[in-house]
Amino acid sequence: MVRQRIEIKKIDNLTARQVTFSKRRKGLFKKAEELSTLCDAEIALIVFSSTGRLFDYSSSSMKQVIERRDIQAENLIQLNQPSLELQLENSTYAMSCKEVEERTLELRRLKGEELHELGIEELRKLEKILEGGTSRVLKTKDEMIEKEISALKRKEARLVEVNQWLKQRMVSDVGQMHEQGQSSDQSIITTNNGSSSSAAAPPHPPQDYDSYDTYLKLGLPFPR
């Protein structure tokens, strides 16, 4: 004989409802006990009948199982909600991204791009900013040009000074070699008054002469 399948719905008959509740409650508790034994699971069941009567089953301590359930629920909430530090980092990152986006848009508009969304007043403000920036750029450029011109003038003056010294040195060295050619044994020149004097020493080079890469090759004077 085939067992008929019972339709799952509320039992209207009160007596039949109580009998079914008692049978199925015992079966439920038995299955829970078997599951706990076979699988080493910690199980707690709480059942209230339609009359308000309490029935419960626990594989260990009901209180411990409930406390464990509450702790697990709190952990799940903490996992689902980001920490305060992470929220602050996300907020800072979002603000930084927004600021970068705004600065990038400003740079594009300074280059003349994406101006269609601006009104007349905003365009006037942008024009004033560009005029101020252009004037500062021109002023800085003029100052740098003036500094370069001053540096070139100072360098020119030093070169003129070094050139004059080289000319004097050349004249002095040529005169000494001419005198040595006339009398190789005579090192002191006697004047008409009978006094003696050493040959005139060449002038001293400028202070920054060593900083110039200048060479002078001297030799005997050309024959007349």
Side-chain angles (χ1 to χ4, degrees), residues 1-137 140-141 144:
M1 182 176 179
V2 181
R3 185 177 179 180
Q4 293 182 354
R5 186 174 182 180
I6 301 175
E7 184 180 2
I8 303 299
K9 67 176 182 178
K10 182 179 179 180
I11 301 174
D12 295 332
N13 187 279
L14 181 59
T15 303
R17 187 192 308 164
Q18 291 178 352
V19 172
T20 303
F21 174 78
S22 178
K23 290 181 179 180
R24 289 186 176 261
R25 174 180 56 80
K26 292 179 181 180
L28 177 63
F29 286 178
K30 184 178 180 181
K31 291 294 183 182
E33 183 180 3
E34 293 176 355
L35 179 62
S36 175
T37 302
L38 293 173
C39 302
D40 193 21
E42 194 172 4
I43 300 174
L45 294 176
I46 299 176
V47 179
F48 287 95
S49 66
S50 59
T51 59
R53 188 178 177 182
L54 171 64
F55 300 91
D56 62 85
Y57 165 79
S58 177
S59 60
S60 57
S61 170
M62 177 68 70
K63 183 179 179 180
Q64 291 180 358
V65 175
I66 294 176
E67 289 178 351
R68 184 175 178 181
R69 184 266 173 195
D70 294 338
I71 294 174
Q72 183 68 17
E74 291 178 358
N75 292 335
L76 289 175
I77 293 175
Q78 292 179 358
L79 290 175
N80 293 330
Q81 293 181 353
S83 62
L84 180 59
E85 183 178 358
L86 182 59
Q87 291 178 1
L88 292 175
E89 290 181 357
N90 292 336
S91 178
T92 304
Y93 176 75
M95 293 175 61
S96 300
C97 291
K98 184 177 180 181
E99 185 175 358
V100 169
E101 184 178 356
E102 292 176 353
R103 294 290 180 262
T104 304
L105 181 59
E106 289 180 1
L107 290 175
R108 290 179 179 175
R109 288 175 176 174
L110 289 174
K111 294 179 180 180
E113 302 175 359
E114 300 186 14
L115 302 178
H116 57 279
E117 297 180 357
L118 299 178
I120 296 178
E121 292 297 329
E122 293 176 337
L123 290 173
R124 288 177 179 174
K125 292 180 181 180
L126 181 61
E127 183 181 6
K128 291 182 180 180
I129 293 174
L130 291 173
E131 290 177 352
T134 304
S135 63
R136 288 191 294 270
V137 170
T140 304
K141 184 188 70 173
M144 293 181 66

Original post:
Mind checking what makes salt bridge (charged side-chain N to carboxylate O under 4.0 Å, His left out) contact with Glu106, not counting sequence neighbours?
Top reply: Arg103
Original post:
Are Lys98 and Glu101 close enough, and set up right, to give a salt bridge (charged side-chain N to carboxylate O under 4.0 Å, His left out), and what steps lead you there?
Top reply: CA-CA 5 Å; Lys98 184 177 180 181; Glu101 184 178 356; over 6 Å; no
Original post:
Looking at NZ of Lys141 and CE of Met144, how far apart are the two atoms once the value is rounded to the nearest 0.5 Å?
Top reply: 11.0 Å
Original post:
Sequence neighbours excluded, which residues qualify as side-chain hydrogen bond (donor to acceptor under 3.5 Å, both in side chains) partners of Ser22?
Top reply: none
Original post:
Once you round to the nearest 0.5 Å, how far does CD of Gln64 lie from CD1 of Ile66?
Top reply: 11.0 Å
Subject >> Residues which pass side-chain hydrogen bond (donor to acceptor under 3.5 Å, both in side chains) with Arg24, listed by chain and number, not counting sequence neighbours >> reply: none
Original post:
Does Ile120 CD1 have over 12 foreign heavy atoms under 6.0 Å away?
Top reply: no
Original post:
What's the shortest heavy-atom distance between Leu45 and Met62, and which atoms?
Top reply: O-CE, 3.6 Å
Subject >> Nearest-0.5 Å distance, CD of residue Glu99 to OG1 of residue Thr104 >> reply: 10.0 Å
**OP:** Quick one: list whatever passes side-chain hydrogen bond (donor to acceptor under 3.5 Å, both in side chains) with Arg69, sequence neighbours left out.
**Re:** none
Original post:
According to the salt bridge (charged side-chain N to carboxylate O under 4.0 Å, His left out) rule, which pairs have a member within residues 37-53, sequence neighbours left out?
Top reply: Glu42-Arg68
Original post:
Does Arg25 have any salt bridge (charged side-chain N to carboxylate O under 4.0 Å, His left out) partners at least two apart in sequence or in another chain, and if so, which?
Top reply: none
Original post:
Measuring from Leu35:CG to Ile43:CD1, what's the distance to the nearest 0.5 Å?
Top reply: 4.0 Å
**OP:** Applying salt bridge (charged side-chain N to carboxylate O under 4.0 Å, His left out), name anything that partners Glu131, two or more places apart in sequence or on another chain.
**Re:** none
Subject >> Test side chain to side chain contact (heavy atoms under 4.5 Å, CB included) applied to Phe48 - qualifying residues, sequence neighbours left out >> reply: Ile46, Leu54
Original post:
Quick one: CG on Leu14 to OG on Ser50, what's the gap to the nearest 0.5 Å?
Top reply: 7.0 Å
**OP:** For Ala16, enumerate each residue passing the side chain to side chain contact (heavy atoms under 4.5 Å, CB included) test, keeping only those at least two apart in sequence or located in another chain.
**Re:** Ile11, Asn13
**OP:** List for me each residue that meets ring-ring contact (aromatic ring centres under 6.0 Å, His included) alongside Phe21, sequence neighbours excluded, and say none if there are none.
**Re:** Phe55
Original post:
Counting N and O atoms only, with roles assigned by atom type, does the side chain of Thr20 sit under 3.5 Å from a partner on the main chain of Arg17, one being a donor and the other an acceptor?
Top reply: no
Subject >> Partner set under side-chain hydrogen bond (donor to acceptor under 3.5 Å, both in side chains) for Ser49, not counting sequence neighbours >> reply: Thr51
Original post:
Which residue pairs satisfy the side chain to side chain donor-acceptor pair (under 3.5 Å) criterion with at least one member in residues 26-37, sequence neighbours excluded?
Top reply: none
